[in-house]
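Chain A is the first sequence line, chain B the second, and so forth, proteins listed ahead of strands; every chain is numbered from 1.
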2 protein chains.
Amino acid sequence: MMKIQELDADRLDMAANMLKAIAHPMRIAILKHLEAGKRLTVTEIHELLGIEQSTTSHHLGILKDKGVLCSRREGKNTFYYLKHDTLSQIVDCLQRCTCGE
Amino acid sequence: MMKIQELDADRLDMAANMLKAIAHPMRIAILKHLEAGKRLTVTEIHELLGIEQSTTSHHLGILKDKGVLCSRREGKNTFYYLKHDTLSQIVDCLQRCTCGE
DNA sequence: GAGACAAATGCAAATATATAAATATATTAT
DNA sequence: ATAATATATTTATATATTTGCATTTGTCTC
């Protein structure tokens, strides 16, 4: 039998891990490109952002591992996309909050 | 004269710093209590969450420093509150995304 | 199978973050 | 000024993250 508090703590940890995964300039930039159900390959992202292939893959791995993205291999390519569409809200919110400061 | 890319990079950094500030179980718990324009003192939060006073102040300092919270001193107390009401969206979104996994 | 392309992994150095304990500052009341 | 209460800062140690490079694994075409 598990206490409610533990459940809460577990969910808080999960939420913190998701946010930690997103909380990186490059990974926010990645999410901006994946709004509205878009699917992109590792190479497309690495070219869009101008960062190393291995670095790109690493960032995508973190986002996938923490439940932010899903991936699907199709032939030579692996497409990445948002696990929950609603996650775009976070990017939108950040965009609004960093407008005028 | 500043390039657009630099502006983008600056905003991404600012956004990442805000998120990094939020991405911690205790700090998410703090934000949950500050929804809907609520204002709470350091002591209230430290009693609500059952964590050390100095730890509480430290967390609040991080949230304020990174632009998530504002504070206002009134007598002996310092009240903390959300800088942008819209930031509650992030907590709401996390709550939805960590429901069933 | 060999070669080409796409993606993932292991590694190491630099950098960043968390935590708690101790200390310091600010405000009010006496 | 002193004591009491409320916050904030400092410090040190432990731990985690970022990054590029080199390597490896997976997939397709020939």
Side-chain angles (χ1 to χ4, degrees), chain A residues 9-10 12-31 33-34 38-83, chain B residues 9-10 12-31 33-34 38-83:
Chain A
D10 282 352
L12 281 177
D13 279 347
M14 194 188 300
N17 282 330
M18 286 183 79
L19 265 202
K20 236 187 287 183
I22 302 175
H24 184 287
M26 280 301 163
R27 301 202 283 268
I28 294 173
I30 290 174
L31 294 190
H33 287 286
L34 291 177
K38 253 177 227 142
R39 292 158 25 106
L40 292 175
T41 68
V42 180
T43 300
E44 287 172 323
I45 292 168
H46 123 72
E47 286 170 351
L48 271 168
L49 303 186
I51 56 180
E52 282 293 316
Q53 179 273 320
S54 74
T55 306
T56 309
S57 179
H58 191 207
H59 285 313
L60 290 170
I62 290 171
L63 288 168
K64 183 182 177 185
D65 184 52
K66 297 300 158 46
V68 178
L69 298 183
C70 290
S71 68
R72 179 188 169 89
R73 180 141 210 164
E74 290 181 13
K76 281 187 284 192
N77 301 302
T78 302
F79 287 87
Y80 281 86
Y81 52 96
L82 286 181
K83 184 162 183 182
Chain B
D10 282 352
L12 281 177
D13 278 347
M14 195 188 298
N17 283 330
M18 286 182 77
L19 267 201
K20 241 185 282 185
I22 303 175
H24 183 288
M26 280 302 166
R27 301 202 282 266
I28 294 174
I30 290 174
L31 293 191
H33 287 286
L34 291 177
K38 254 175 224 143
R39 292 158 25 106
L40 293 174
T41 69
V42 179
T43 300
E44 286 172 324
I45 292 169
H46 123 72
E47 285 170 352
L48 271 169
L49 302 186
I51 55 181
E52 282 292 317
Q53 179 274 320
S54 74
T55 306
T56 308
S57 178
H58 192 205
H59 286 312
L60 289 170
I62 289 171
L63 288 168
K64 183 182 175 183
D65 183 52
K66 298 298 157 50
V68 179
L69 299 183
C70 289
S71 68
R72 179 186 169 90
R73 180 141 210 164
E74 289 183 14
K76 279 188 287 193
N77 301 303
T78 302
F79 288 87
Y80 281 87
Y81 52 97
L82 287 181
K83 184 162 180 181

* To do: Using whole Å, report how far CG of A:Leu60 lies from P of D:dT18.
  => 13 Å
* N or O in side chain of B:Tyr80 less than 4.0 angstrom from D:dA8 OP1/OP2 -> yes
* Given axes from five pairs at either end, by how many degrees does the helix from C:dG1-D:dC30 to C:dT30-D:dA1 bend, rounded to 10°? -> 30°
* Test item: A:Arg27 side-chain N/O and A:Ala21 main-chain N/O as donor-acceptor pair under 3.5 Å -> yes
* To do: Can you tell me the distance, in whole Å, between the NZ atom of A:Lys64 and the C1' atom of C:dA7?
  => 11 Å
* **Value rounded to 0.5 Å, distance of CG in A:Leu40 from NE2 in A:His33** => 8.0 Å
* Separation between NE2 of A:His46 and OG1 of A:Thr41, rounded to the nearest 0.5 Å -> 9.0 Å
* salt bridge (charged side-chain N to carboxylate O under 4.0 Å, His left out) against B:Arg73, all qualifying residues, sequence neighbours excluded -> none
* **Residues B:Arg39, B:Glu74: salt bridge by 4.0 Å N-O rule** => yes
* Measure the distance from CG on A:Leu63 to P on C:dA8 and round it to the nearest whole Å. => 12 Å
* CD1 of A:Ile51 versus P of D:dG20: gap in Å, rounded? -> 8 Å
* Asked: Looking only at side-chain N and O atoms, does B:Ser57 come under 4.0 Å of OP1 or OP2 in D:dA8?
  -> yes
* Structure fact -> Rounded to the nearest 0.5 angstrom, the CG-CG distance for B:Leu34 and B:Leu60 is 8.0 Å
* Asked: To the nearest Å, how far apart are A:His46 NE2 and D:dT19 P?
  -> 16 Å
* Asked: Yes or no on side chain to side chain contact (heavy atoms under 4.5 Å, CB included) for A:Leu69 and A:Leu31, after CA distance, side-chain angles and deciding distance?
  -> CA-CA 9 Å; A:Leu69 298 183; A:Leu31 294 190; 3.9 Å; yes
* **Whole-Å distance separating the CG atom of A:Leu49 from the P atom of D:dG20** => 12 Å
* What does B:Thr56 touch in the nucleic acid at a heavy-atom separation under 4.0 angstrom: a base, only the sugar-phosphate, or nothing? -> nothing
* Where along nucleotides 19-30 of chain C does protein come under 4.0 Å, by heavy atom, of base (B) or sugar-phosphate alone (S), with - for untouched nucleotides? -> BS-B---SBS--
* **Distance, rounded to the nearest Å, where A:Arg72 contributes CZ and C:dA7 contributes P** => 15 Å
* Asked: CD1/B:Ile22 to CD1/B:Ile28 distance, rounded to the nearest 0.5 angstrom?
  -> 8.0 Å
* Structure fact -> NE2 of B:His24 to CD1 of B:Ile30, rounded to nearest 0.5 Å, is 9.0 Å
* Hey, does the side chain of A:Asn77 come within less than 4.0 Å of D:dT27's phosphate (OP1/OP2), counting only N and O? -> no
* **Whole-Å distance separating the CD1 atom of B:Ile28 from the P atom of C:dA18** => 12 Å
